[in-house]
Each structure stands twice: as structure tokens, then as C-alpha cells.
2 protein chains.
Amino acid sequence: MGSVSIYAVEGIDEISAGDALDVIIGDAVAAGDVAPADGDILVVTSKIVSKAEGRSVRADDREDAITAETVRVVATREHPGGITRIVENRQGIVQAAAGVDASNTPAGTVLLLPIDPDASARRLATALRQRFGVRLGIVVSDTLGRAWREGQTDAAIGSAGVSVVDDLRGGVDTFGQTLQVTQMAVGDEIAAAADLVKGKATGVPVALVRGLAHFVTESLDTPARALNRTGPTDMFRLGTDEALAQGFADGYEAGYLAGLAASQ
Amino acid sequence: MGSVSIYAVEGIDEISAGDALDVIIGDAVAAGDVAPADGDILVVTSKIVSKAEGRSVRADDREDAITAETVRVVATREHPGGITRIVENRQGIVQAAAGVDASNTPAGTVLLLPIDPDASARRLATALRQRFGVRLGIVVSDTLGRAWREGQTDAAIGSAGVSVVDDLRGGVDTFGQTLQVTQMAVGDEIAAAADLVKGKATGVPVALVRGLAHFVTESLDTPARALNRTGPTDMFRLGTDEALAQGFADGYEAGYLAGLAASQ
């Protein structure tokens, strides 16, 4: 509380498969104006994690890559430019194109998400805590669209040493009443805040966030996977058009049989 | 680019209907450590805007108030604590409980959203630009849940003098390729970032964001309403269970008629 500052971590060049990302990020942080301190959070764009981890694949057809990363289709829509597919991907995240990215990667290749962004975050956190001797946290961020809102925002797809949810359940407000807002997804808010400094078209893939030490934990077991909502509690597990069509097909079948029987 | 700082604006007490919110916010900012400068953004929790605008209503039953604010039901779900209703409200926002709030307001009352949060933002921006003689922007924030993500984040429901969308369409990435990410909802990212400083259980309803002058515009005509996605482009305008049921009913009717006809 009080204030939060977010700094761009400059000087990180193009990343290649096999690069020691913890060393590269550490060097860039060390060369910057802000010396890491307890409670700092580094927000790392998933793109450079993917590149270092060799998640770049040849793909003459990005659509094939998307299909391969898709566990379950949520909704699709055709538009002049092609087809938009909102799917649940292997990482358990519901997002357009399964998170497969053709930007900021050489033509003829696409970039898949890290296999396990939380594990990637833990590896980075372990190495950087060791290097700098401070309790810092790592958030791995990706860009997601949203239902009912135009545009995209960055969100947390990996986390180590950063609480991704601030659980306010049972708390009271200034009138002493039980708070209705139960859980703030602070991991996503941290990712979104960092995007304001990192930007998209520029090459700044890491930001340092200071002032949120109360969300930085000793334990690195703070998976961003906890932010994924799928399964029975997902009220939007299937798009409206898809669900209308599926319901119609099921209803037609049942109605047809009933109609046949009624005329006997 | 470079850095962003977010400061809590302390010293704003409980707001009552009819309060001159622009004066109260202005006084709190003036009493703080950070003198407003060109390019600053004040993020104001919608709650205090609602209170000043007399949007508190007697409500022995919060559910009745929600119904009154509902334009269209998107999805509902029963749970042990009651019924959750995701609806499109009069402001055009899709959110739980139509944005009706029973927290941080005296028992027996609920707080409706401002009738027109963008207009509220414009009034505040006009007054505060005049008072401080700087080009500042106003974002009015509210807390929204999300599809496919646990927890809530703050988002922009009103804006004046702040671009809520950063349109990157047609831009190129570091490899000279056309960017896939088309539009970043920076208004929502700014609101989310401010929440990290404002918090929920504490009484800090305003934050000052510095470092995003490139998003602050001369014109105050920058409605956050542009972030609402409803209508035909909304792939999730009806919840999955609701759409399955509606499709089933329609299909059953059609199938029944076909079954009757087939047995003639």
C-alpha cells in the first residue's frame, strides 16, 4: 500500500533456444538502475520463456499448430481474415489460438507457450533469488482476450513466489459488513500493470514491480494455474452459438422420436 | 515507457450524496506528496462516484435491485449462498449482480453504479484539469469477474482524457511482421494496476498513475463504454447451460413436428 513502481528492464536482446534465460534476465537487471530488493516481482513475457525453452516450431500452417495445442474447442467464429478459435489449451488456459503466436518470431515459425509456465517461473525464481540474495517473485505473463470486453490484457500464466489470488473472503468492509468481493486475481493485475511498461511493439520483455512485497511469498509454490477456471464451474465452457446448435441437435432428436410416438 | 508509478491518494473520507467529489478528490491530491502533472491519470473507484451522485438506494432485498438494473440475463447459477446472476446492466457492462454493491455501504442500502460513468469521468476531468492546470485523465474503475479465470480484477467503466484502447493493428513486430495482437485494453490495465495500490478492504478509493502520458489525450471524449462487447460479436452472450436449454427447446419443437409429419 502507498505506492507501486514498475520499471522496464532494458537490454534483453533476441532470445534463442537453449539460452540461459535466468542469466540473461539477471544480467539485464544488474545493469539497470534498480537493484533488486526483497519483495520485488519480475514480470516476464512468456514469449522469451518459450524461445529459451525451444518452443519455436516450424509451421507453414499456424492453424495446424493451434489444432495440436487444442484440448477442447470452446467457440469459433469466421471473419474476413480467417477463423478465430477460442480453445482450452494444454496448459489449461482458455484463449484464442491456443496461445500459439506468430508475432515476434521468424517467418515460417510459430511459438508455443511454455509447456509448464509455473515450472518455468519456479526455475527463474530459484536462480534469481540465489543470484541476488533477495526474496523476489516471478510472474510469467501472456496476452489474453476476454469475454464481453474489447481488446486484450496481459494475465499471469506462470507464478513463483507471488500469490496470484488475494483471498478477501470473510473480511469486512469499512462498515463492518462481510465483503462481497471474495477474491482478487492480483496475479493478473500485476501482469496487466507490467504490460503498461513493457508494451507490445517494443522489445522490453521484462518489468520489475516494486511495492507489492505483501504478495511475495517465501514458498515458490504459487501456481498461476490456480487462476484457470474450467470444468463444471465454468458457465461459459461452450460458446453460445455452439451450445445453441448442440442443444438444438439433441432436442430435435428427442422431439422427433416423441413426434413419431405421438402419432401412433 | 521506462517506468510507471502508482500512488495511493489518502485522506478521502466517507462520501455522501451531494458531495462535491471533484473538490474532495482535488483537496486530497493537493494535500498529498505528489503534485499533479501533465499526463497523470487519476483512477477513481466507481463506488465513491456512485455515493456522491446519490446512487445509494434502500434495498431490503439486494436481489430486487439487481433485477431492476438488469437489461439482459447472460447466465445464472445456484450455489449454497444463493444465486449468481451474470447480466448485462443498464450501463452495457456484463457483470455479476448487474454491478449492484452491498459492500462499503450502510446495512439496508445498496449502491448502484453511476448512471453514466463516462459522463462522471468527464465532469471530474473538467473540474480537476481546471483546478490544477494540467492535462490529466480520469478512469472510473469497477471490479469485474471474468469468464475462464478465477477471481476478479478492476476494469475501466468510465474514462475521460485517457485512451482505453491502444490500437496496434497494422503495426509490425521486431521481425517486421504484422502484429497479431490488435488492441490492448489499456484502460482495463490501468484500472487493474491502480487496484494494486487502492485495495479493497482499506479505504483508499483513488490512485494517481504517472508515466502513461502517451495515453492521456486533450479530448475528454474517450468513453470506456468502447470496451463493452455485446451484441452479435459477443460469442458468449448467453451462458452454456442457458444456450443448451434454449437450443434443446427449439430443437424439440422442430423435431416433434418433423416426427409427426414423418409418420403420415
Side-chain angles (χ1 to χ4, degrees), chain A residues 1-8 75 77 94 102-104 106 143 146-153 165 168 171 173-175 179-181 183-185 188-189 192-193 195-197 199-201 203 212 227 229 235-240 243-244 247-248 250-252 254-256 258-260 263, chain B residues 1-8 75 77 94 102-104 106 143 146-153 165 168 171 173-175 179-181 183-185 188-189 192-193 195-197 199-201 203 212 227 229 235-240 243-244 247-248 250-252 254-256 258-260 263:
Chain A
M1 185 54 59
S3 74
V4 167
S5 294
I6 311 167
Y7 305 95
R77 172 157 298 192
V94 174
S103 294
N104 285 317
T143 303
R146 298 87 51 77
W148 320 303
R149 306 227 22 107
E150 298 290 348
Q152 290 128 316
T153 58
V165 173
L168 305 170
D173 64 20
T174 52
F175 285 86
L179 278 175
Q180 284 171 235
V181 168
Q183 299 185 87
M184 294 304 292
D188 286 348
E189 292 190 325
D195 180 61
L196 293 168
V197 164
K200 286 287 169 282
L212 297 176
L227 289 170
R229 174 185 286 160
M235 299 166 79
F236 303 96
R237 60 197 178 280
L238 198 59
T240 302
L244 285 170
F248 189 92
D250 294 342
Y252 190 94
Y256 190 86
L260 278 180
S263 61
Chain B
M1 185 55 59
S3 75
V4 167
S5 294
I6 311 166
Y7 306 95
R77 171 157 297 193
V94 174
S103 294
N104 284 317
T143 304
R146 300 86 52 76
W148 320 303
R149 314 269 314 149
E150 298 289 347
Q152 290 129 315
T153 57
V165 173
L168 305 171
D173 63 19
T174 53
F175 285 86
L179 277 175
Q180 285 172 235
V181 168
Q183 299 184 84
M184 292 305 292
D188 286 348
E189 292 189 325
D195 180 61
L196 294 169
V197 164
K200 286 284 169 283
L212 297 176
L227 289 170
R229 174 185 286 161
M235 298 165 80
F236 302 95
R237 59 196 178 281
L238 197 59
T240 302
L244 286 169
F248 189 93
D250 294 343
Y252 190 93
Y256 190 86
L260 278 180
S263 59

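Since this is a predicted model, take the numbers as computed values, not measurements. Below, read A as the first sequence line, B as the second, and so on, with proteins coming before strands; counting in each chain starts at 1. These numbers come from the heavy atoms of this one structure, side chains and all, not from hydrogens, waters or symmetry mates.
The CZ atom of A/R229 sits 8.5 Å away from atom CZ of B/R146, with the distance rounded to the nearest 0.5 Å. Taken to the nearest 0.5 Å, the CH2 atom of A/W148 stands 15.0 Å off from the CG atom of B/L227. Note that the CG atom of A/L260 and the OH atom of B/Y256 stand 10.0 Å from one another [nearest 0.5 Å]. Taken to the nearest 0.5 Å, the CG atom of B/L168 stands 9.0 Å off from the CD atom of A/Q152.
For B/E189 against A/D195, the heavy-atom pair with the smallest separation is OE1-OD2, 2.6 Å. Across every non-hydrogen atom of B/Y7 and A/S3, the tightest pair is CD2-CB, 3.8 Å. Of all heavy-atom pairs spanning A/A258 and B/Y252, the tightest one is CB-OH, 3.2 Å.
Chain B forms the most heavy-atom pairs under 4.5 Å with one residue out of A/G151, A/G239, A/A192, and that residue is A/A192. Ranked by heavy-atom pairs under 4.5 Å with chain B, the first of A/R149, A/M235, A/R77 is A/R149. Interface summary for chain A: among B/V165, B/D188, B/L212, the most heavy-atom pairs under 4.5 angstrom belong to B/D188. Looking only at heavy-atom pairs under 4.5 Å with chain A, the residue among B/A185, B/A147, B/S5, B/A75 that has the most is B/A185.
For A/L238, the side chain to side chain contact (heavy atoms under 4.5 Å, CB included) partners are A/E242, A/A243, A/Q246, B/T240, not counting sequence neighbours.
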